[in-house]
There are 2 protein chains.
Amino acid sequence: MTKRSPSPEAVTAWARLMRVSRQLVEKTEDALKASGLPPLGWYDVLHELAEAGEGGLRPFELIDRVLLAQYGVSRLLARLEADGLVEKLPVSDDGRGQTVRITPSGRDMRRRIWAVYGASIAELMGDRLSAKELEMLAGLLGRLRDPPVTD
Amino acid sequence: MTKRSPSPEAVTAWARLMRVSRQLVEKTEDALKASGLPPLGWYDVLHELAEAGEGGLRPFELIDRVLLAQYGVSRLLARLEADGLVEKLPVSDDGRGQTVRITPSGRDMRRRIWAVYGASIAELMGDRLSAKELEMLAGLLGRLRDPPVTD
DNA sequence: TCAAGCTTGATGCATTTGCATCTATCCGCT
DNA sequence: AGCGGATAGATGCAAATGCATCAAGCTTGA
C-alpha cells in the first residue's frame with residue numbers, strides 16, 4: 001500500500017475545517033449549557049423525529065442520520081425516553097424492533113433548543129458570510145460529503 | 001435577550017459543515033485505528049511539540065493550540081509521557097510549571113501517524129477539490145474562525 | 001421444518017471526557 | 001514580611017463513549 005502526501009492547499013483547508021468546526025461546536029455547546037439545555041446531539045435526534053412525524057423512526061434509521069454508532073443511538077434514546085422526550089413503541093411486523101416517536105414535551109424541548117442553537121448559527125455563520133458565500137461554502141462542503149453531492 | 005433566526009443559507013452551510021467534519025474525522029480515526037495508531041489528538045500535540053523544537057512548550061500553551069480544556073491537556077500529556085513520546089522538564093523560573101518536550105520516539109510516532117493522516121487528507125480533500133477550490137474553502141472557513149482571518 | 005446466519009437493539013467493562021475542586025507556587029500590595 | 005488573589009497543573013467523581021458481545025427475533029435454504 002503506497003501512502004500519498006496531501007497538497008499544501010489540502011492541508012491548510014483540512015486544518016481550518018478541523019479547527020473551525022470544533023470551535024463552532026464548542027461555542028454552541030457552551031451557549032446551550034449556559035441556558036441549561038441538553039447537548040447538540042439531543043437536538044439532532046429530536047429534529048429527525050420531528051421531521052419523521054407521527055410514524056416515528058426505527059432506531060437503526062437514526063444511525064446514519066445523526067452519525068452515531070448503534071450503541072450511541074441506543075443509549076441516547078434511553079436518556080431521551082427517561083426524560084419523557086420520546087416514546088418507544090413496539091412494531092407489529094418485527095418483534096425485535098421498536099418505533100421511536102417524539103412526544104409533545106420532546107417537541108417543546110426541540111423548540112427551546114432551537115432558540116439557542118439557531119441564534120448561535122446566525123451569529124457564527126450568518127453574521128460572518130454573505131448568502132452567496134454561504135452557498136459557495138455549502139457547495140464546496142457538499143463535494144467532501146459522503147456520498148458527495150453535486151448541487 | 002432577543003433570539004435571532006439564521007438564514008436558510010446559514011443553516012444549510014452549518015449542517016454541511018457539521019456533517020462533513022464529523023465524517024472526515026471518523027474516517028481518519030478509523031484509518032488510524034486500522035493501522036494500530038493512536039487517535040488524532042495525539043498527533044496534534046506531537047505536531048505542536050515538534051514545531052516548538054527543543055525548547056518545548058508549557059502545557060498551558062497547548063490549550064489554545066489543540067483546543068483542549070486544561071484537564072484534557074493534562075491527561076493527554078500524562079498518556080503521552082507514559083508512552084515515552086514526550087518528557088516533562090521542570091522549568092527554572094516558575095516552580096509550578098513544566099516544559100514538555102517531544103522525545104525521539106515521539107518524533108517517530110508523529111511520522112508514523114502522519115503517513116496515515118496525510119494519506120487520509122489527500123484522499124478526502126485533495127482528491128475531491130482542486131487547489132483553487134481548496135484555497136477558496138480555506139478562505140471561507142478562515143472567516144468563521146475565532147479570531148477571524150482575512151487572507 | 002429447522003439449523004445457520006443475519007439483523008435489531010441492549011449492555012458489561014474499560015477508557016475518555018466534563019466538572020469541580022485541590023495543591024502548590026507566584027505576584028501585587030500594604 | 002505577609003496576606004489575598006491569581007495562575008499552573010493535577011485529580012476524584014460522575015457521565016459519556018468505544019468496544020465487544022449478547023439475546024431475541026427474523027430469514028434463508030437444504
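These figures come from a predicted structure and were not determined experimentally. All chains are named by letter (A, B, ...) in the order of the sequence lines, taking the proteins before the strands, and each is independently numbered beginning at 1.
Checked by atom type and distance alone, the side chain of A/Gln23 pairs as donor or acceptor with a backbone atom of B/Asp146 at under 3.5 Å. When atom types are taken as modelled, the side chain of A/Arg145 and the backbone of B/Arg19 share no donor-acceptor pair closer than 3.5 angstrom.
The residue among A/Ala69 and A/Ser92 whose nearest nucleotide of DNA chain D lies closer to the 5′ end is A/Ala69.
Closest to the side chain of B/Asp94, from the set C/dG18, D/dA20, C/dC26, is C/dC26. With D/dA10, C/dC19, C/dG9 as the candidates, the nucleotide lying closest to the side chain of A/Lys33 is C/dC19. Residue A/Phe60 has its side chain nearest to C/dG9 when only D/dG18, D/dT17, C/dG9 are considered.
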Collect all protein-nucleotide pairs involving nucleotides 5-7 of chain D in which both atoms are nitrogen or oxygen and the distance is under 3.5 Å.
unit_1 : atom_1 : unit_2  : atom_2 : d
D/dT7  : O2     : B/Arg96 : NH1    : 2.5

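Rounded to whole angstrom, the span from the CD1 atom of B/Ile63 across to the P atom of D/dA10 amounts to 11 Å. A/Asp64 has its CG atom 11 Å from the P atom of C/dT8, to the nearest Å. As a whole-Å value, the separation of B/Arg79 CZ from C/dA14 C1' is 13 Å. With rounding to whole Å, B/Leu76 atom CG is found 14 Å from D/dG9 atom P. Here the C1' atom of nucleotide C/dG9 and the CD atom of A/Glu61 are 14 Å apart, to the nearest Å. The distance between atom CG of B/Leu77 and atom P of D/dA8, rounded to the nearest whole Å, is 15 Å. Distance CZ (B/Arg58) to C1' (D/dA10): 15 Å, rounded to an integer number of Å. One atom, CD of A/Gln98, and another, P of C/dT7, lie 18 Å apart when rounded to the nearest Å.
A/Thr28 contributes atom OG1, which lies 6.0 Å from atom CG of A/Leu40 (distance to the nearest 0.5 angstrom). To the nearest 0.5 angstrom, B/Glu81 atom CD is 4.5 Å from B/Lys88 atom NZ. Atoms CG and CZ, on A/Leu49 and A/Arg110 in that order, are 10.0 Å from each other to the nearest 0.5 Å. Rounding to the nearest 0.5 Å places CD1 of B/Ile102 at 10.0 Å from CD of B/Glu87.
Relative ring orientation between B/His47 and B/Tyr43 is described as parallel, the plane-to-plane angle staying below 30° on a 0-90° scale split at 30° and 60°.
Distances shown here put a side-chain N or O of B/Ser74 below 4.0 Å from the OP1 or OP2 atom of D/dA10. Between A/Tyr71 and the phosphate of D/dG18, there is a side-chain N or O to OP1/OP2 separation shorter than 4.0 Å. Between B/Lys88 and D/dG9, a side-chain N or O to OP1/OP2 separation shorter than 4.0 Å is absent.
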Q: Just do the side chain to side chain contact (heavy atoms under 4.5 Å, CB included) check on B/Trp42 and B/Leu85 with the steps written out, would you?
A: CA-CA 10 Å; B/Trp42 288 41; B/Leu85 304 178; 3.6 Å; yes
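One can find a donor-acceptor pair under 3.5 Å joining the base of C/dG18 and the side-chain atoms of B/Arg75. Within 3.5 Å, a donor on the side chain of B/Gln70 pairs with an acceptor on the base of D/dA10, or the reverse.
Using a 4.0 Å heavy-atom cutoff across all strands shown, A/Gly95 reaches sugar-phosphate atoms only and no base atom.
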